[in-house]
2 protein chains.
Amino acid sequence: MPRVTDAHRQARREQIAEAAVRVLMRNGISDTSIAQISAECRLSIGAIYANFENKADLARFVATRLFDWRITELESRTDGGAVLTPVELLAVLLTSLSDANRPAPSVILQFWSKASVDADLRVVLAEQVGRLCASVERALRPWADAQTDGAGEELALRTAQACMIMSQGFLANRCLFGWLDAEDFLATATHALGPVDAADLR
Amino acid sequence: MPRVTDAHRQARREQIAEAAVRVLMRNGISDTSIAQISAECRLSIGAIYANFENKADLARFVATRLFDWRITELESRTDGGAVLTPVELLAVLLTSLSDANRPAPSVILQFWSKASVDADLRVVLAEQVGRLCASVERALRPWADAQTDGAGEELALRTAQACMIMSQGFLANRCLFGWLDAEDFLATATHALGPVDAADLR
DNA sequence: ACCTGAACACCGTTCAAGT
DNA sequence: ACCTGAACACCGTTCAAGT
């Protein structure tokens, strides 16, 4: 509960969240204790509870930060103004996930699973995934407009969602089983889905 | 630790696992206590520990059972002998995930996230995902052989992996955000990946 | 031969007491 | 105005005692 100044509070929240990410990368969400985070950021347990309502509230804040970083990175890679095809955009999305140094895909996996059981976290995640998807959609808009006349907006949205789904499947596999690299996956997926006419799936 | 007959043990393990799945569907893996499972199957806490080494061991057993069910279902849907294209096979995979009554995709999500932090569970999951993938690979073999001369085996494997990745991304989205249904996703993905030549991704 | 439940160490959360 | 850490209820795990 808020018993601290708002300015002080914001700084403390960032400090705690950064420590939390470090511990989460090592242990996963349910094997991370408040005591461990408290030790990592050199604040008492009580200080954490002065800045976050509870563990779930801290989790929501951390999840938001992870997406902030990811969206910033994506936008910096797609603001060139070139017309990107879906495959090219997927390549950007997937290789940025393979980097392995940043926020760590496994932490995102932790949040997905927690969200499937925590409705408040699910709302936060849906919002952030929506922001990321909107960013993808913007990057795909020139391609989509060139494909159809007038229906570019609808096509860009649906294609962005399909890209998100594929990148999320890639993330899960990459971090659990290390299957394929980004280019192999794209080449195979393109070949598998390419030669078939969309109309005859039924 | 085993202090019970092997036959009795097997029956008890199935009984406990079935109760565990019911609780997991409600609560998720880390909010499910042994006490809750014990209440659900009407056995004491001690009885559970007589049949499983610990909570992680029970989790590995449950994960294996979930995949057994899924593989059986997939094989019953693809043994018609028809030549299935990747898109048709993906449709089978995705609609079977949408059924929503069976093992519940959200439970699978729980296991993925736990696995990213528990090496033993990861080994079990990799093995089971490998079995499911092999089943997909077998179903795709006729299509793959018709595509190339001689390289059907390699193509079937890589395509199976791509199908697994897409179905896993679909599962995560479906259970977290309810995006798109299976046909919409396939139509959009096919359109997005189709018109582009595999060679020009770079 | 199998089962029970009290006991222990640990985790999330609170709050009286400090500075 | 902010911080600490002992205290409480609960969870995973064990094991002496029951039948």
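All figures in this text were calculated on a predicted structure; none of them were measured in a lab. By convention in this document, chain letters (A, B, ...) are assigned in the order of the sequence lines, proteins followed by strands, and residues within each chain are numbered from 1.
Spacing between atom CD1 of I48(A) and atom P of dT13(C) amounts to 11 Å, rounded to whole angstrom units. One atom, CD of Q36(B), and another, C1' of dC10(D), lie 11 Å apart when rounded to the nearest Å. Counting to the nearest Å, the P atom of dC3(C) and the CD1 atom of I16(B) are 9 Å from each other. Rounded to an integer number of Å, the gap from CG of N54(B) to P of dT13(D) is 5 Å. I29(A) places its CD1 atom 11 Å from the P atom of dG12(C), with the value rounded to the nearest Å. Protein atom CD of E53(A) is 16 Å distant from nucleotide atom P of dG12(C), rounded to whole Å. When rounded to the nearest whole Å, the span between CD of Q15(B) and C1' of dC2(C) equals 13 Å. K55(B) has its NZ atom 14 Å from the P atom of dC11(C), to the nearest Å.
In a base pair of the Watson-Crick type (N1 to N3 plus N6-O4 or O6-N4) or a G-U wobble (N1-O2 and O6-N3), with each distance short of 3.5 Å, dC15(C) is matched with dG5(D). Across the strands present, dC10(C) finds no partner; the criterion is a Watson-Crick or G-U wobble pair with both atom distances under 3.5 angstrom.
Backbone-only engagement by T32(B) is indicated by non-hydrogen atom pairs under 4.0 Å involving sugar-phosphate atoms exclusively.
A heavy atom lying under 4.0 Å from DNA chain D marks the following residues of residues 37-47 of chain A, by number: L43(A), S44(A), G46(A), A47(A).
A salt bridge links R26(A) to E40(A): one of the charged nitrogens lies within less than 4.0 Å of a carboxylate oxygen.
Shown are R9(A), Q15(A), Q10(A); of these, the side chain to side chain contact (heavy atoms under 4.5 Å, CB included) with R12(A) is made only by Q15(A).
Stacking of R65(B) on the aromatic ring of F61(B) is recorded, both the 6.0 Å distance cut-off and the 45° axial limit being met.
Nucleotides dT13(D) and dC2(C), compared at atom P, are 22 Å apart to the nearest Å.
Side-chain polar atoms of E75(B) and S135(B) form a donor-acceptor pair below 3.5 angstrom. With hydrogens and angles left out, the side-chain atoms of Q128(B) and T64(B) include no donor and acceptor closer than 3.5 Å. Checked by atom type, the side-chain pair Q110(A)/S116(B) shows a donor-acceptor distance below 3.5 Å.
Between R12(A) and dC3(D) there is a side-chain polar atom (N or O) within less than 4.0 angstrom of OP1 or OP2. Contact annotation: Y49(B) side-chain N/O to dT14(D) OP1/OP2 distance is not under 4.0 Å.
Residue H8(A) has its side chain nearest to dC3(D) when only dC3(D), dC3(C), dG12(C) are considered.
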* Derivation and outcome, side chain to side chain contact (heavy atoms under 4.5 Å, CB included), residues L97(B) and R174(B) -> CA-CA 9 Å; L97(B) 281 174; R174(B) 179 93 198 164; over 6 Å; no
